[in-house]
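All remarks here apply to the structure that follows.
Bear in mind that the values here come from a model prediction, so they are computed numbers and not experimental data.
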Amino acid sequence: MKNIVFDLGGVVVDWSPERLMQEYPGDKELPLALFKGGFFERYWTQFDRGMLTQAEVSTEMSRFAGRTYAECWDFMEYIKHFLVDIPGTVELIRELAGRDYRLFCLSNMSVEYYDYLKDREVFSYFEGQIISALEHVIKPEEAIYRLLLERYGLQAEKTLFIDDLKPNVAAAERLGIHTVHFADRQWGIQKIKEMLL
């Protein structure tokens, strides 16, 4: 294994709807209505694909939930700032960077959220980054994995992809890429260490 590819949300930065519901300081009926009503399934994919801006998603959220645009914009901003680093993964990336591995990230993420995150230290370890909104293609579509392999000259059989969502892992496996399903952080970090260190 020469090439290690990390998803961002749920692997490098924390993303938990449950924690969001618990910690959101505003009216919790807003996220509750959005989750229950299927707002994220309907609009977030287009946000991650780069087809909708944060302003446009906030407008749709306002219509969907019957809330003011300002409240919805603030909620979108809260989600953005809610994406804190997962210390164990960041430490692992630092360790791998000191070895003979090529490190990359491959993530479904909007332009605005990526712009907020990209100056963090962990991004300095990535030789390349494939961000869905910049490419207008998302996981688990085969095209985004092929784009990664072709752009950086990677061989699938020498590449390890780490993601917290099973469909994304399964799509990579169909192309011959090795995977770790990062559903449990402690197990996931230990598994990667066993494979690579």
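Within the model, atoms OG1 of Thr45 and CG of Asn108 stand 8.0 Å from one another, a figure rounded to the nearest 0.5 Å. For the atom pair CD1 of Ile131 and OG of Ser110, the computed distance is 9.5 Å after rounding to the nearest 0.5 Å. The structure places CG of Asn3 at 9.0 Å from CG of Leu103, a figure rounded to the nearest 0.5 Å. For the atom pair OG of Ser16 and CG of Leu83, the computed distance is 11.0 Å after rounding to the nearest 0.5 Å. A distance of 10.5 Å separates CD in Gln190 from CH2 in Trp187, rounded to the nearest 0.5 Å. Atoms CZ and OG1, from Phe47 and Thr53 in turn, are 7.5 Å apart once rounded to the nearest 0.5 Å.
The two residues Arg151 and Ile130 come nearest to each other via the heavy atoms NH1-CD1, 3.6 Å. For the residue pair Pro167 and Pro140, the shortest heavy atom distance occurs at O-CB, 3.6 Å. Of all non-hydrogen atoms in Tyr116 and Lys80, the two that sit nearest each other are CE2-O, 3.2 Å. The shortest heavy-atom contact between Leu34 and Ala65 is CD2-CB, 4.3 Å. Listed here is the closest heavy atom pair of Glu157 and Met1: O-SD, 4.4 Å. Across all non-hydrogen atoms, the minimal contact from Ser107 to Leu8 is OG-CB, 3.4 Å.
Between Phe182 and Asp163 there is no side-chain heavy-atom pair separated by less than 4.5 Å. Counting heavy atoms from C-beta outward, Gln129 and Tyr114 have side chains that approach closer than 4.5 Å. The closest side-chain heavy-atom distance from Tyr145 to Asn168 is below 4.5 Å. Using a 4.5 Å heavy-atom cutoff, the side chains of Thr59 and Tyr69 are in contact. With a 4.5 Å cut-off on side-chain heavy atoms, Leu160 and Leu196 count as touching. Looking at heavy atoms from C-beta onward, Thr179 lies out of side-chain contact with Ile162 at the 4.5 angstrom threshold. Annotation: side chain of Lys2 is not in contact with side chain of Tyr101 (no heavy-atom distance under 4.5 Å).
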(message) Go through it in stages, so that I can follow the logic: the residues are Asp7 and Lys139, the test is side-chain contact (heavy atoms from CB on, under 4.5 Å), and I'd like the CA-CA distance, side-chain angles, deciding distance and then a yes or no.
(response) CA-CA 10 Å; Asp7 173 38; Lys139 297 177 291 183; 2.9 Å; yes
(request) Under the side-chain contact (heavy atoms from CB on, under 4.5 Å) rule, what do Trp73 and Val57 come out as? Steps first, then yes or no, please. (result) CA-CA 9 Å; Trp73 174 269; Val57 175; over 6 Å; no
(request) Apply side-chain contact (heavy atoms from CB on, under 4.5 Å) to Val84 and Val13, showing your working. (result) CA-CA 5 Å; Val84 297; Val13 295; over 6 Å; no
(request) Let me see the working for Trp44 and Ile79 under side-chain contact (heavy atoms from CB on, under 4.5 Å), right down to the final yes or no. (result) CA-CA 12 Å; Trp44 215 263; Ile79 296 175; 4.1 Å; yes
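If you run side-chain contact (heavy atoms from CB on, under 4.5 Å) between Phe6 and each of Val180, Leu96, Val122, only Leu96 comes through.
Between Glu77 and Gln54, the side chains place a donor N or O and an acceptor N or O closer than 3.5 Å (distance only, hydrogens not considered).
Counting non-hydrogen atoms of other residues, nucleotides and ligands closer than 6.0 Å to CD of Glu194 gives a total above 12. Sparse packing is recorded around CE of Met51, with 12 or fewer heavy atoms of other residues, nucleotides or ligands lying under 6.0 Å away.
Here Lys36 does not pair with Glu29 in a salt bridge; the nearest charged N to carboxylate O distance is not below 4.0 Å. Salt bridge Arg185/Asp14: present, at least one basic N to carboxylate O contact under 4.0 Å. For Glu23 and Arg19, the salt-bridge test passes: some basic side-chain N is under 4.0 Å from an acidic carboxylate O. Salt bridge present: Arg67 and Asp27 bring a charged side-chain N and a carboxylate O closer than 4.0 Å. Salt-bridge annotation for Arg49 and Glu141: present, with a side-chain N of the basic residue lying under 4.0 Å from a carboxylate O of the acidic one. Comment: Arg42 does not engage Glu60 in a salt bridge, judged by the lack of any side-chain N to carboxylate O separation of less than 4.0 angstrom. We find that Arg94 and Glu91 are joined by a salt bridge, their nearest charged nitrogen and carboxylate oxygen being less than 4.0 Å apart.
One hydrophobic cluster, built from ILVMFWY side chains closer than 4.5 Å, holds both Val137 and Ile177. A single hydrophobic cluster is not seen to contain both Val111 and Leu147; linkage of ILVMFWY side chains at heavy-atom distances under 4.5 Å, directly or through other members, places them apart. In terms of hydrophobic clustering, with Ile, Leu, Val, Met, Phe, Trp and Tyr side chains grouped at heavy-atom distances under 4.5 Å, Ile4 and Ile93 are assigned to a common cluster. Met109 and Val11 end up in the same hydrophobic cluster when Ile, Leu, Val, Met, Phe, Trp and Tyr side chains are linked at under 4.5 Å. In terms of hydrophobic clustering, with Ile, Leu, Val, Met, Phe, Trp and Tyr side chains grouped at heavy-atom distances under 4.5 Å, Phe123 and Leu134 are assigned to a common cluster.
Within the 3.5 Å criterion, the main-chain N or O of Leu30 finds no donor-acceptor partner in the side chain of Tyr24. No donor-acceptor distance shorter than 3.5 angstrom exists from the side chain of Ser124 to the backbone of Arg120, with no hydrogens or angles considered. Between the side chain of His178 and the main chain of Phe161, no donor-acceptor pair closer than 3.5 Å is present. Looking only at distances, no side-chain donor or acceptor of Arg102 sits under 3.5 Å from a matching main-chain atom of Phe126. Judged by distance alone, with hydrogens and angles left aside, the side-chain atoms of Glu135 form no donor-acceptor pair with the main-chain N or O of Ser132 at under 3.5 Å. Under the 3.5 Å distance criterion, the side-chain polar atoms of His181 are matched with a main-chain donor or acceptor of Asp164.
Less than 6.0 angstrom separates the ring centroid of Phe64 from the ring centroid of Phe39.
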